[in-house]
Amino acid sequence: MKSAQAWRGGMKDMQILPAPRHRAHLKKPTWIIVLVSLVSMFLVCAYVYPPHNSAACYVFSSHGCKGISNWLPPAPARELTDDEIASRVVIKDILNTPRTVSKSPKIAFLFLTPGPLPFERLWDKFFQGNEGRFSVYVHASKDKPLHFSRYFINREIRSDKVVWGKISMVDAERRLLSNALQDPDNHHFVLLSESCIPLRNFDFVYNYLMYTNVSFVDCFEDPGPHGSGRYSEHMLPEVEKKDFRKGAQWFTMKRQHAVIIMADSLYYTKFRDYCKPGMDGKNCYSDEHYLPTFFHMLDPAGIANWSVTHVDWSEGKWHPKSYRARDVTYELIKNITSITESIHVTSDERKAIQIQQCLWNGNEKPCYLFGRKFLPDTLDKLLHLFPNYTRI
Ligand SMILES: *[C@@H]1O[C@H](CO)[C@@H](O)[C@H](O)[C@H]1NC(C)=O
Ligand SMILES: *[C@@H]1O[C@H](CO)[C@@H](O)[C@H](O)[C@H]1NC(C)=O
Ligand SMILES: *[C@@H]1O[C@H](CO)[C@@H](O)[C@H](O)[C@H]1NC(C)=O
Ligand SMILES: *[C@@H]1O[C@H](CO)[C@@H](O)[C@H](O)[C@H]1NC(C)=O
């Protein structure tokens with residue numbers, strides 16, 4: 001009812017708009033446009049001022065809509081804290097420094113695993129013949145793996161315990177990045193787990209990652225309990241709820257982005273202290289929120305917002321689908337590699353589906369380079385199919 005009154009108020013006050021005598025001559029389409037515009041303005045207003053105070057929102061009334069001055073010119077920005085100013089100036093400077101291109105740019109493959117790497121032999125095939133264009137780093141948090149491939153031998157970095165959902169997961173990612181950053185030839189960084197497989201040949205992956213200027217960091221706004229519902233106000237003032245984002249942890253990242261993560265302690269600390277299991281009676285997982293939120297706040301245009309590592313959530317369960325040997329066929333891989341849209345589903349009751357076209361330097365391209373949740377028993381089939389499915 002309130003809305004209807006507000007609308008009538010709008011209609012009534014319109015009489016005081018200039019040049020009313022011309023109105024009779026307006027043709028129908030013009031009226032429709034005027035009407036649609038008014039309705040739109042009203043809807044915007046109703047949105048900015050939810051029902052409980054919508055009565056205050058008479059767009060055309062002589063009192064005006066008090067808060068309207070807040071959204072027409074942008075609201076004055078919050079005063080940044082000293083730490084924020086310092087942090088932002090460093091990050092901005094790094095991002096604005098043109099990257100020095102080395103003579104032999106490499107992609108660093110960062111394997112985050114509890115122990116053995118069941119697909120080492122598949123990765124060995126993938127890397128073969130591309131010496132000098134990649135480097136491998138392994139963070140084995142529990143058991144030291146036995147290696148079969150020369151590309152993996154002696155590539156382990158000092159590791160530490162990783163507890164699922166805790167900040168130690170982010171710490172391990174940072175440890176991998178900092179080790180890989182030591183080699184100035186590493187231009188792009190890919191985080192992978194022990195259940196990840198390559199879906200393309202090396203050249204395809206190399207060109208895809210090396211010749212784009214964005215990082216493939218997954219990022220979307222989920223207003224539901226598994227998204228913003230995990231936010232804690234203890235993160236204020238630096239991290240506001242409206243900036244809180246979610247995304248899968250499996251990123252690829254350009255060098256500058258890896259460096260700003262090393263430079264960040266302000267936002268990292270907020271997530272370490274206030275985004276953890278059991279925080280405020282809820283479970284928050286830093287590995288799903290820290291990087292998406294960080295990049296959304298500090299370099300939103302610098303990330304693609306989807307992950308190039310495919311995973312199948314379509315079963316709607318707590319965990320994504322794990323592929324077994326019987327699932328693995330040429331057709332399955334072809335299906336995954338032909339996907340050109342990335343999909344996010346919110347965790348609230350609406351289960352809203354957000355679809356994004358995968359644009360690579362502005363052109364539609366397949367979204368995925370890697371696949372995950374493959375069980376070890378798929379290895380033989382994958383080894384057999386690999387030469388076939390990677391022929392461009
Ligand atoms: C990346 O390159 C595209 C064109 O190639 C350009 O439009 C875009 O602004 C660039 N993005 C960044 C973050 O530099
Ligand atoms: C990613 O999303 C942000 C909004 O959060 C947007 O500004 C940015 O342009 C998006 N990136 C690309 C590559 O479309
Ligand atoms: C591949 O995609 C087609 C068309 O969407 C579907 O009918 C088929 O079941 C899929 N096959 C596999 C193995 O996923
Ligand atoms: C290899 O690929 C072709 C299509 O290019 C397909 O017809 C054939 O069945 C594949 N071979 C195997 C072993 O899957």
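Counting starts at 1 for both ligands and their atoms, following the listed order. Computed from a predicted model, the values in this text were never measured in an experiment. Along the sequence shown, residues carry numbers from 1.
Nearest heavy-atom pair across N130 and F134 is O-CD2, 3.3 Å.
Considering both main-chain and side-chain atoms, T329 never comes within under 3.5 Å of ligand 3 through any nitrogen or oxygen pair.
Applying the side chain to side chain donor-acceptor pair (under 3.5 Å) test to pairs two or more places apart or on separate chains, those with a residue in residues 163-172 are D171-Y268. For residues 273-283, the pairs satisfying side chain to side chain donor-acceptor pair (under 3.5 Å) are S232-D280, with sequence neighbours left out.
Side-chain atoms of K246 come within 3.5 Å of backbone N or O of H226 as a donor-acceptor pair.
Here R133 pairs with D203 in a salt bridge; the nearest charged N to carboxylate O distance falls below 4.0 Å.
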Please tabulate, line by line, the atom pairs linking an N/O of ligand 2 to a protein N/O at a distance below 3.5 Å, with the distance in Å to 0.1, or answer 'none'.
{"unit_1": "ligand 2", "atom_1": "2 (O)", "unit_2": "N305", "atom_2": "OD1", "d": "3.3"}
{"unit_1": "ligand 2", "atom_1": "2 (O)", "unit_2": "N305", "atom_2": "ND2", "d": "2.3"}
{"unit_1": "ligand 2", "atom_1": "5 (O)", "unit_2": "H296", "atom_2": "ND1", "d": "3.2"}
{"unit_1": "ligand 2", "atom_1": "11 (N)", "unit_2": "I303", "atom_2": "O", "d": "3.0"}
{"unit_1": "ligand 2", "atom_1": "11 (N)", "unit_2": "N305", "atom_2": "ND2", "d": "3.0"}

Mind listing the side-chain donor-acceptor pairs of residues 144-153 below 3.5 Å, one per line with the distance, residues two or more places apart or on another chain?
{"unit_1": "K144", "atom_1": "NZ", "unit_2": "E156", "atom_2": "OE1", "d": "3.1"}
{"unit_1": "H147", "atom_1": "ND1", "unit_2": "E120", "atom_2": "OE1", "d": "2.8"}
{"unit_1": "H147", "atom_1": "NE2", "unit_2": "E156", "atom_2": "OE2", "d": "2.4"}
{"unit_1": "S149", "atom_1": "OG", "unit_2": "D124", "atom_2": "OD2", "d": "2.6"}
{"unit_1": "S149", "atom_1": "OG", "unit_2": "Y151", "atom_2": "N", "d": "3.1"}
{"unit_1": "Y151", "atom_1": "OH", "unit_2": "E131", "atom_2": "OE2", "d": "2.5"}

